[in-house]
Amino acid sequence: MFKVSFPEKTVEFEAPLSVFDAARAAELVTRAHVAADVDGTTVGMTHVLTADCAVKLHTTADEKGKHVFNHTAAHILAQAVKRLYPTAKLTIGPAIESGFYYDFDSEIPFTPEVLAALEGEMKKIVKENLLIERFELPREEARKLMEEKGEPYKVQLIDELPEGAVISFYRQGEFTDLCAGPHLFSTGAVKAVKLTQCTGAYWKGDQNNKMLQRVYGVAFASKDELKAHLEALEEAKKRDHNKIGRELEYFTTVESIGQGLPILLPKGARTVQILQRWIEDEEQKRGYLLTKTPLMAKRDLYRISGHWDHYRDGMFILGDAEDETKECFALRPMTCPFQYQVFLNKKRSYRELPMRLGETSTLFRNEDSGEMHGLIRVRQFTISEGHLVLRPEQLEEEFRGCLELAKYVLDTVGMLENCSFRFSQWDPARAGIKYEGTAEQWEHAQSVMGTILDNLGVKYEIGIDEAAFYGPKLDIQYKNVFGKEDTIVTIQIDMLLAEKFGMEYVDSDGQMKTPYIIHRTSLGCYERTLAYLIERYAGALPTWMAPEQVRILPIGDEHIDYAYDVKKQLAAKGVRVEVDDRNETIGKKIRNTQLEKVPYMLVIGDNEMNAGTVAVRSRKEGDKGAVAVDAFLSDLLLEIEEKRR
RNA sequence: GCUGCUAUAGCUCAGUCGGUAGAGCACGUCAUUGGUAAUGACGAGGUCAUCGGUCCGAAUCCGAUUAGCAGCUCCA
């Protein structure tokens with residue numbers, strides 16, 4: 001006799017039985033249930049219960065159920081591949097947030113035609129509704145089974161399993177795969193599946209290993225869900241900054257200029273300028289000193305900072321890096337060593353600390369050719385850079401100031417809601433290779449940072465081997481409409497570089513001390529931020545940062561003079577305003593203005609209008625009828641001043 | 001850098017078996033007008049990404065390069 005407690009009720013059983021049977025006895029199970037947590041461990045519905053336990057059922061509507069569902073879909077894909085291409089070798093195939101993938105080692109490239117064929121075979125497997133059975137084997141037998149099946153990668157995975165690990169397999173029809181599970185009861189539940197793409201992926205994620213073929217797919221319990229998913233994807237594509245940013249003329253690229261070197265067109269340049277002025281002013285209010293430092297330096301500087309050893313591949317080098325008899329320069333990939341020279345300019349007192357240095361800093365990084373993407377990943381970018389030189393006891397206070405500033409600016413531009421925090425730490429295994437400094441220095445910096453983050457109540461994930469070469473980071477991650485994450489802002493603690501550069505201050509006790517340094521950004525890099533703003537607002541930027549805020553549309557020629565008169569009144573107050581005096585119908589002018597996502601249009605010559613008024617159409621609120629020019633202007637200025645979204 | 005895909009007018013795309021280039025929108029001119037998501041007529045626009053090869057002949061077939069996309073690896 002044992003008790004199975006579901007959240008809804010507790011049921012007693014005499015003999016062992018499956019989760020499914022237990023749930024059925026409790027009258028809780030439906031067709032949608034695909035998995036369960038038993039005492040916190042996720043299992044399949046066929047898992048046998050033998051003792052007291054707590055059971056929580058999952059459907060495909062929740063994350064864990066969906067995960068199991070997608071994992072089974074990955075197995076169906078693998079089965080289809082083995083049926084159509086028996087020589088392909090299995091590697092791994094997990095469920096991911098957006099669906100699933102499976103990596104194969106195959107001589108035959110998986111072209112779109114091949115994917116279509118695989119999709120067809122998957123549908124057959126679903127229709128066959130094969131039972132999915134779990135079984136376990138001791139290590140030697142497991143190895144033997146996978147060797148017989150001709151799966152060298154699986155053999156390797158078995159060999160790498162730790163001593164005493166349970167080695168489980170899942171079998172569906174003729175197909176058997178090494179897998180921890182859990183899985184669905186049978187293949188029949190995967191009603192709708194689509195293979196979305198095939199790409200390359202390194203075995204075990206290491207670029208020194210063989211490149212495998214990764215097939216991505218999505219799977220759903222119904223065709224309607226698949227349809228809804230594909231439609232949502234289409235909607236996301238309409239927000240893609242790389243498409244609408246070009247269409248709306250924020251930026252462009254030119255073949256002869258090269259990859260990762262976008263041209264900011266007048267609209268893009270204007271918005272960046274607005275953000276930049278705002279950030280520089282905001283930082284000034286918060287006690288930052290503005291600097292302007294060179295974009296390049298001799299290799300000697302990078303030798304001191306460590307960039308020459310740790311970052312040389314990422315730099316554009318001017319001259320022969322190997323020839324020590326000649327001068328060799330490099331464009332700067334980071335601002336740190338330059339801005340430190342401001343501190344080093346003269347002997348410093350503890351009274352001058354914290355010294356907050358800010359710079360709108362253009363950087364150059366020689367990214368690999370496959371990395372560039374729109375405005376998100378470029379080779380030249382301008383960042384709201386800053387370094388704070390501190391006495392050690394000021395670290396927490398100043399760190400908090402940096403975090404508050406970053407949160408304030410991200411909130412103001414409307415991006416904070418899609419942000420998460422990552423505490424990026426070093427990997428001791430790469431000490432001396434990727435990372436400078438001793439284990440003690442790293443442990444110290446990380447524990448200080450961890451304490452600060454906990455004191456500030458920051459909820460973060462830990463990223464191992466994500467640190468900078470000189471210290472741990474708090475990265476603010478932005479999740480875009482496709483679910484992809486990038487770092488938008490970073491705040492880093494550096495206990496190494498000050499010493500390398502011989503930075504010191506005279507403390508109150510008359511002793512020379514080495515300061516701590518915080519590296520930080522406030523709005524991140526302007527190009528990337530602009531990209532995410534375009535995406536976030538689907539190209540319709542809030543009025544305060546819109547490159548064109550008002551467009552005046554005279555209906556007929558006789559209205560043009562008045563239109564320019566109104567423009568003059570608005571422009572005198574700093575409003576970014578244009579007149580569309582083309583010889584076009586008013587309908588066409590309105591349509592163009594809407595397509596270009598200008599926040600306000602003023603139709604001149606409308607019936608309702610009197611002298612001194614304009615017919616206002618707001619992008620957000622639609623037609624507002626005739627409004628006095630003065631009233632419109634003062635409302636607009638208020639909106640811009642308050643940065644209302 | 002790696003794997004796969006792509007490149008025709010400013011944009012979205014046609015272009016069949018290899019025979020010297022098409023549409024819509026945008027743009028310009030004229031006419032017209034309070035056409036409130038598209039007033040009409042006319043016009044201009046392309047060394048089919050670049051270079052090379054095959055062929056009597058290449059937008060089309062082959063190769064290389066460049067650029068773009070998705071993913072991997074790397075990163076703000």
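The chains referred to below are lettered A, B, ... by the order of the sequence lines, with proteins before strands, and numbering in each begins at 1.
For B:rU20, there is no paired base (Watson-Crick or G-U wobble, both distances below 3.5 Å). B:rC30 is paired with B:rG40 under the Watson-Crick or G-U wobble criterion, all donor-acceptor distances under 3.5 Å. Pairing of B:rU60, defined by two Watson-Crick or G-U wobble distances under 3.5 Å, is not identified with any nucleotide. Base pairing of B:rU54 is not made with any nucleotide, judged by Watson-Crick or G-U wobble geometry with both donor-acceptor distances under 3.5 Å. Checking B:rC48 for Watson-Crick or G-U wobble geometry (two distances, each under 3.5 Å) identifies no partner in any strand. Across all strands shown, B:rC72 pairs with B:rG1; the Watson-Crick or G-U wobble distances both stay below 3.5 Å.
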Chi angles and distances behind the salt bridge (Lys or Arg N to Asp or Glu O under 4.0 Å) call for A:Glu359, A:Lys292: CA-CA 6 Å; A:Glu359 178 160 341; A:Lys292 198 86 188 153; 5.6 Å; no

Could you walk me through whether A:Lys210 and A:Asp105 satisfy the salt bridge (Lys or Arg N to Asp or Glu O under 4.0 Å) test, starting with their C-alpha distance in whole Å, then the side-chain angles of each, then the deciding distance to 0.1 Å, before giving a yes or no? CA-CA 9 Å; A:Lys210 183 163 187 184; A:Asp105 183 1; 3.1 Å; yes

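In this structure, A:His307 has its ring center closer than 6.0 angstrom to the ring center of A:Phe469. In this structure, A:Phe104 has its ring center closer than 6.0 angstrom to the ring center of A:Tyr102. Aromatic rings from A:Tyr250 and A:His241 are positioned such that their centres are separated by 6.0 Å or more. For A:Phe364 and A:Phe316, the gap between ring centers reaches or exceeds 6.0 Å. Centroid-to-centroid, the aromatic rings of A:Tyr435 and A:Tyr470 stay 6.0 Å apart or farther. Checked against a 6.0 Å centroid threshold, the rings of A:Tyr101 and A:Tyr216 count as neighbours.
Between A:Asp557 and A:Gly370, the residue whose closest nucleotide on RNA chain B is further toward the 5' end is A:Gly370. Both A:Met211 and A:Glu466 lie close to RNA chain B; mapped to their nearest nucleotides by heavy-atom distance, the more 5′-ward contact belongs to A:Met211.
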For nucleotides 5-11 of chain B, list the nitrogen or oxygen atoms of the protein found under 3.5 Å from its nitrogen or oxygen atoms, one pair per line.
none

Enumerate the protein-to-nucleotides 38-40 of chain B contacts in which both atoms are nitrogen or oxygen and the separation is below 3.5 Å.
from   : atom 1 : to       : atom 2 : distance (Å)
B:rA38 : N6     : A:Arg591 : NH2    : 3.4
B:rA38 : N1     : A:Arg591 : NH2    : 3.2
B:rU39 : OP1    : A:Thr585 : OG1    : 3.2

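Distance NZ (A:Lys484) to P (B:rC75): 14 Å, rounded to an integer number of Å. In this structure, the CG atom of A:Asn480 is 19 Å from the P atom of B:rC75, given to the nearest Å. In this structure, A:Arg430 atom CZ and B:rC74 atom P are separated by 7 Å, rounded to whole Å. Between the CD atom of A:Glu371 and the C1' atom of B:rU3 there is a distance of 13 Å, rounded to whole Å. Atom CD in A:Glu485 sits roughly 14 Å away from atom C1' in B:rA76 (whole-Å rounding). As rounded to whole Å, 10 Å separates atom P of B:rG71 from atom CD1 of A:Ile96. Note: CD1 (A:Ile383) to P (B:rC75) measures 15 Å, nearest angstrom. Remark: P of B:rU73 and CZ of A:Arg214 are 7 Å apart, rounded to the nearest angstrom.
The gap from the C1' atom of B:rG45 to that of B:rC11 amounts to 13 Å, rounded to the nearest Å. For the C1' atom pair drawn from B:rU3 and B:rU47, the interatomic distance equals 33 Å after rounding to whole Å. Remark: the separation of the C1' atoms in B:rG18 and B:rA26 is 33 Å, to the nearest Å. When the C1' atom is used for both B:rG57 and B:rU65, the distance is 25 Å, rounded to whole Å. Comparing B:rC2 with B:rC61, their P atoms are spaced 25 Å from each other, to the whole Å. Taking atom C1' in both B:rG53 and B:rA44, one finds a spacing of 36 Å when rounded to whole Å.
Side-chain atoms of A:Asn208 and A:Asp206 include a donor-acceptor pair closer than 3.5 Å. A:Thr382 and A:Thr362 share a donor-acceptor pair across their side chains, judged by distance under 3.5 Å alone.
At the phosphate of B:rC27, OP1 or OP2 sits under 4.0 Å from a side-chain N or O atom of A:Arg582. Dashed line: the shortest gap from a side-chain N or O of A:Gln259 to OP1 or OP2 of B:rG68 is under 4.0 Å. Dashed line: the shortest gap from a side-chain N or O of A:His373 to OP1 or OP2 of B:rA70 is under 4.0 Å. Listed pair A:Ser369 / B:rG1 meets the phosphate criterion, a side-chain N or O lying under 4.0 Å from OP1 or OP2. Distances shorter than 4.0 Å separate some side-chain N or O of A:Lys434 from OP1 or OP2 on B:rC75.
Figure legend: A:Arg332 and A:Phe338 shown as a cation-pi pair, the cationic atom lying under 6.0 angstrom from the six-membered ring centre and within 45 degrees of its axis.
You can call A:Phe381 stacked on the base of B:rA76; the centres are under 5.5 Å apart and the planes sit within 30°.
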